[in-house]
Participant: 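This is the structure, below, for whatever I ask next.
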Amino acid sequence: MPMAKRDYYEILGVERTASDEEIKKAYRKQAVKFHPDKNPGDKGAEEQFKELGEAYEALSDPQKRAAYDQYGHAAFDARSRAGAGGSRGGGFHDPFEIFREVFGGGGTGGIFDELFGGERQDPGGARRGADLRYDMELTFGEAVLGCEKEISVTKLDACETCRGSGAEPGSSVKSCSTCGGRGQVISSRGIFSIAQACPRCEGAGRLMDKPCRSCHGAGRRERTSKIKIKIPPGVDTGARLRSAGNGEGGLRGGPAGSLYVVLHVKAHELFQREGDDLICDVPISFVQAALGAEIEVPTLTAKAHIRIPPGTQTGTVFRLKGKGVKNVQGHGVGDLHVRAHVEVPTHLNAAQKARLQEFAELCDPSTNPQTRSFFEKAKDLFR
């Protein structure tokens, strides 16, 4: 007895009410999992791949799906018998054709090539070098004011002897006869074709009469380079600077990659940064806060003076316009916000305590209006 076919919805793992997009998404996920190129020699995966293609073709076509929902597999069996002798009748397409249609077409640089290794470039041609990353630590001042730093980077650079070709100067380079310069050889296994790196040229697609003695045919050599990096004013942690041409050297005359410098800024003892603005907490004495005073405060580049009015409270902020950080995009300069903190005297001697007691006796409710207001509000909680 032939084995009964599984339900198409069950094969794709979707509900019978699934939308067209849900069906396509389910097919894509399962087809990648069971594609023969991913499972060489696995007959079970091969059968599941074919089963998926059959299920997807039936459910992705509105008319076929309606017929299947009404009659089940019998709908296609009857159409197949009626169409016997024709080109395809009511049968199903090649599962590989369905796969290529869904994934963008094999051999054209689409998703099919990316998943299963389709060749998209000349293996023996020039290739750009890889990009590199360098993490740099800066002081707060270096970041907000800008500076120039010199770093050492050990990387693969194009060989000076062969200029990246890998061949000894004066020797010849020819295309590999085994793979025809493609870098891959194709082997057939039943109905499937599998591409593998050419064993003769090791995937390069070319052969050298004499490899370069300096780099042994690699075309690149490890070298430590000194690179100067200009840090613009206003950068902050996470900023990334690109130094073109300072990545790894290219292959066979290809251009070098880029060096990306990722910045990490140390915290400052006095300043906090919020965007392009700076915040500085400055202590003032009890007397300065009560009577008023002119005090000296630090900025990024010099000193400045601010006027403290009589009766200043903790948390009062004074703004110094244009004394913040220069915007890294050139959109002006931020401000410096000086936040006052009234310092309470400690370690008082007997004379000081006596004078403060005298001062306290001279005070009335109008001297400390915030205290009076607070306790008047607090009374409402206990009524």
Side-chain angles (χ1 to χ4, degrees), residues 1-121 123 179 182-197 203:
M1 291 289 292
M3 186 178 291
K5 284 189 174 182
R6 286 203 299 155
D7 181 80
Y8 287 154
Y9 291 100
E10 179 187 339
I11 292 169
L12 292 173
V14 297
E15 300 292 334
R16 301 187 77 85
T17 56
S19 65
D20 292 343
E21 186 59 33
E22 288 173 331
I23 289 173
K24 186 173 184 178
K25 184 177 179 180
Y27 170 74
R28 287 171 66 97
K29 181 179 179 180
Q30 298 272 42
V32 170
K33 180 180 178 181
F34 293 109
H35 194 285
D37 285 359
K38 288 276 188 178
N39 305 274
D42 188 339
K43 294 295 183 182
E46 179 183 331
E47 290 302 319
Q48 284 181 282
F49 180 72
K50 293 178 181 178
E51 193 177 43
L52 283 166
E54 182 178 321
Y56 176 72
E57 186 182 7
L59 300 184
S60 62
D61 183 294
Q63 293 182 346
K64 290 182 180 180
R65 183 178 181 181
Y68 179 74
D69 287 344
Q70 188 170 1
Y71 301 108
H73 293 296
F76 304 115
D77 292 341
R79 291 170 63 185
S80 295
R81 288 193 294 271
S87 59
R88 276 198 293 220
F92 292 95
H93 295 171
D94 178 356
F96 289 93
E97 180 182 341
I98 296 169
F99 185 89
R100 285 189 290 269
E101 288 174 359
V102 174
F103 282 84
T108 60
I111 297 176
F112 182 88
D113 289 325
E114 295 177 10
L115 288 172
F116 300 106
E119 185 62 42
R120 298 190 298 276
Q121 61 181 346
C179 63
R182 293 187 298 273
Q184 292 182 336
V185 291
I186 310 296
S187 58
S188 297
R189 296 181 183 178
I191 63 173
F192 304 112
S193 295
I194 298 177
Q196 296 176 317

Participant: Taking C-beta and beyond as the side chain, do Lys5 and Ile11 meet within less than 4.5 Å on heavy atoms?
Facilitator: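 Not in contact.
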Participant: For Gly72, does its backbone N or O pair with a side-chain atom of Asp7 as donor and acceptor, under 3.5 Å?
Facilitator: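 Here the side-chain-to-backbone pair does not exist.
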Participant: So which atom in Leu52 and which in Phe34 form the shortest heavy-atom distance, rounded to 0.1 Å?
Facilitator: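 Looks like CD1-CD1, 3.8 Å.
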Participant: Taking Glu46 first and then Lys50, would you say they form a salt bridge - that is, a charged N and a carboxylate O separated by under 4.0 Å?
Facilitator: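 Salt bridge present between Glu46 and Lys50.
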Participant: Quick check: do Tyr9 and Asp69 have side-chain heavy atoms less than 4.5 Å from each other?
Facilitator: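 When only atoms from C-beta onward are counted, Asp69 and Tyr9 do touch, with a gap below 4.5 Å.
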Participant: How are the rings of Tyr56 and Tyr27 set to each other: parallel, tilted or perpendicular (split at 30° and 60°)?
Facilitator: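 The rings of Tyr56 and Tyr27 lie parallel, inter-plane angle below 30°.
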Participant: Hey, does the side chain of Tyr68 reach the backbone of Tyr8 with a donor-acceptor pair shorter than 3.5 angstrom?
Facilitator: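 Checked: pair present.
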Participant: Mark yes or no for whether His73, through its side chain, and Arg6, through its backbone, hold a donor-acceptor pair below 3.5 Å.
Facilitator: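 The answer is yes, because a donor-acceptor pair under 3.5 Å joins these two groups.
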Participant: How many angstroms lie between OG1 in Thr17 and CD in Glu22, if you round to the nearest 0.5 Å?
Facilitator: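 Going from the OG1 atom of Thr17 to the CD atom of Glu22 covers 7.5 Å.
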Participant: To the nearest 0.5 Å, what is the distance between NZ (Lys25) and CG (Leu12)?
Facilitator: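 Result: 14.0 Å between the selected atoms.
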